[in-house]
Amino acid sequence: MKRLARLRQENAQQLSLIAVVILICLAFSALSDRFLTYDNLLNISLQASATIIAAIGMTMVIATRGIDLSIGSVANCSVAIAVTLAALGSGSSLTLEASWLAYPTALVLGLLLGAFNALVIIVFRVHPLIVTLGTLALYRGIGLHVTDAASIAVSGDVLTLARGALLGAGYPVWLALAIAFAGWFTLSHTVFGRRLLALGGSPRSAVESGLKRARILAAAYIISSLCGAIAGLVIVGRVGIIDTTLGFNFEFTVITAVVLGGTSLFGGRASIVGSVIGAILLSAIDNGLNLIGANPFIYEVVRGLVLMSAISLDAYASRKATDQLSADLS
Amino acid sequence: MQKIVKAVLMSSLALAASQALAQEGAGKTIGVSFDHTSPFRIAQRAAVEAAIKKAGATIEFADANKDAQRQASQIDTMISNGVSAVIAMPYDIEAAVGLAQSAIASGIPFISMDQAPSDMEAVTYHIGGDPCADGKAAGEYFGKVSEGKPFKLLEIQGGLFNDNGLRRSSCLGEALKAYPNVTIVAQVPTEWSPEKALTGTENALQAHPDLKGIYTPWNDALQGVFSALKQRGLLVPKGDPKHIVQVSIDGTPLACQAVRDGFLDLDIATPITEMADLAVDAAVKASDDTALVEKSKFLPGIPYGQDDTQLMVEKVWGCK
């Protein structure tokens, strides 16, 4: 019966989010005939890809009742170092020509940065919010130091991942779909996924029932940073520049996408599909506002209203599901 | 031409002032507070350090990293350390008023640089670029190249919470009132993020494939704009029929290269050396209780295009 209620609750959350997406799409398509075109939908998917990738990792972390504020700085630091190393001896003072070696280097760095986050959280038992707030500054500082806070144009093989296309859709879209599928499968169909949710749902019970808290947390933070590094590669590849704003405030966009998607900040409840829809919704809002030539001061208002609507609908739907559960049990 | 002559005159005046200033600052420490780190700010920091060194003073530097609260703490520390004067690039133009009042109440002159506070009366002296003049110069350029024909313009916007971002935008609009054939089809707020400039350009090209011009009010966003144009095969130099007219502001090395390559039609370089010299000059004089001739000064940027080879080498900091 509880399982049924949980299913009802999850469905209610996703349905409420989908309702918001449909409303937004209807509103923008009424105002711009370009919004609901095939090209523009591909465009929105491409623009959402980096946020989707990072949101998958963040969903894993939030499912454990944690948070990773350093994800934008991981994107900055890992990619800045990887591109610099992969470009040694090539390019000019204004441009770095980086080889494909930037990819594995960024991934290894992402893994190491995530492992460091996990190490401090587990060994020193410091709250993830405090640890990742610290590493947010630390990793960003290292990234700025490596690049001397310069704006460096990037060229070479490192751009291939972000600029290639398959069947009309950019590589980042396929990559985001693949990572989302892997994340969904892990969370829904593996023992690790169930343990992750169990740890977030009730850390004490999970530990008492023999779950290895340290291993699960370490895996979650490493996955999050890996996703951050991949998102960084996508962003740099698309923009073609490493500068001080790379990954700046990215954590807020990613966390917003995850929370919009119905993952509970209190752990134990997570939805990869919801996070993907949340990320697409955020990109669709910006895209739609651009297309209709909206007043620049209205952007934050619309984002805020959509966020509030989604959260209110979610809260309402969840309450209905809980009421239904009480009725079923009585 | 008038603007170039003005800029040259301004530089000569600043040079004369800085020579007279040499060693007047001996024994003084000047607190310098920056709002954030960027290539542009790094060049400005080097110019301020050079000017302070020339004056014989020492520097106490702090970077607020886009945090108004942190900047307030850093300036409070400078005041308690007893610096002779503070030169600040405020992150928050409202908060800058309180910071200036607090420094001046402690007998320490407060010079704002590059970013004007919301109340100019609150500071001892303000020296900055002229974002309005730069925005107008950009608007006039678009007006001229449009030659009276219908011209769709995309306006990328910087931060809408500071003076440079706001006035580079509003004064572009003012200048374009004289050219009704030029229509701003989209204004994209970016909070100074090149990634948002990229997505904004992608979206604008979806809605308006016949876009004729793009205004990018700071150079670091150009790479994002270029990337979006390249995807659609529109990143072509001047002279190509598919070329989209582009104007930007700052004068960074990347922009200088883009002007030389013909991708950027006009860049408006900020005269950072002159700005730094005048800020330090005011700081030293005010700390000696010498009355300042004026309360504020706004230096217009130096517009340069592909053909201004000599001007680039001599006056544009990113081309040197």
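Order of the sequence lines sets the chain letters (A, B, ...), proteins ahead of strands, with each chain counted from 1.
- A:Phe252 meets the ring-ring contact (aromatic ring centres under 6.0 Å, His included) test with no other residue; sequence neighbours excluded.
- Atom CZ of residue A:Phe250 and atom CD of residue B:Glu195 lie 7.0 Å apart, to the nearest 0.5 angstrom.
- Within residues 208-216 of chain B, the residues having any heavy atom closer than 4.5 Å to a heavy atom of chain A are B:Pro209, listed by residue number.
- When heavy atoms are compared at a cutoff of 4.5 Å, A:Arg163 approaches chain B solely by way of its side chain, counted from C-beta outward.
- Looking at A:Asp243, the atoms closer than 4.5 Å to chain B (heavy atoms on both sides) all sit in the side chain, from C-beta outward.
- A distance of 11.0 Å separates CG in A:Leu144 from NE2 in B:His36, rounded to the nearest 0.5 Å.
- Heavy atoms closer than 4.5 Å to chain B are found in the side chain of A:Asn43, but not in its backbone.
- Of the options A:Leu246, A:Ile242, A:Ile235, A:Val239, a side-chain contact (heavy atoms from CB on, under 4.5 Å) to B:Pro194 is made by A:Val239 and by none of the others.
- No hydrogens or angles considered: nothing links the side chains of A:Asp286 and B:Asn203 as a donor-acceptor pair under 3.5 Å.
- Contacts classified as side-chain hydrogen bond (donor to acceptor under 3.5 Å, both in side chains) and involving residues 24-35 of chain A (residues at least two apart or in different chains) are not found.
- Options B:Val225, B:Asn65, B:Asp220 differ in how many heavy-atom pairs under 4.5 Å they form with chain A, and the most are formed by B:Asp220.
- A 6.0 Å sphere centred on NZ of B:Lys320 holds more than 12 heavy atoms belonging to other residues, nucleotides or ligands.
- Inspection of non-hydrogen atoms places B:Pro253, B:Leu254, B:Gln257 of residues 250-258 of chain B under 4.5 Å from chain A.
- Between B:Leu166 and A:Phe297, the shortest heavy-atom distance links the atoms CD2-CZ, 4.0 Å.
- Between A:Leu291 and B:Gln206, some side-chain heavy-atom pair lies under the 4.5 Å cut-off.
- Here the CG-CG distance, from B:Leu154 to A:Asn290, works out to 8.5 Å after rounding to the nearest 0.5 Å.
- Atoms CZ and OG1, on A:Arg140 and B:Thr37 in that order, are 10.5 Å from each other to the nearest 0.5 Å.
- Using a 4.5 Å heavy-atom cutoff, the side chains of B:Lys196 and A:Gln47 are not in contact.
- A 6.0 Å sphere centred on CD of B:Gln69 holds no more than 12 heavy atoms belonging to other residues, nucleotides or ligands.
- Proximity to chain B (any heavy atom under 4.5 Å) is shown, for A:Ala165, by neither the backbone nor the side chain.
- Heavy atoms only, all atoms of each residue included: B:Pro189 and A:Pro296 are closest at CG-O, 3.8 Å.
- Note that the CD1 atom of A:Ile44 and the OG1 atom of B:Thr199 stand 11.5 Å from one another [nearest 0.5 Å].
- For the atom pair A:Thr244 OG1 and B:Arg41 CZ, the distance stands at 10.5 Å (nearest 0.5 Å).
- Proximity to chain A involves both the backbone and the side chain of B:Gln187, based on heavy atoms less than 4.5 angstrom apart.
- A:Phe35 does not touch chain B: none of its heavy atoms, backbone or side chain, sits under 4.5 Å away.
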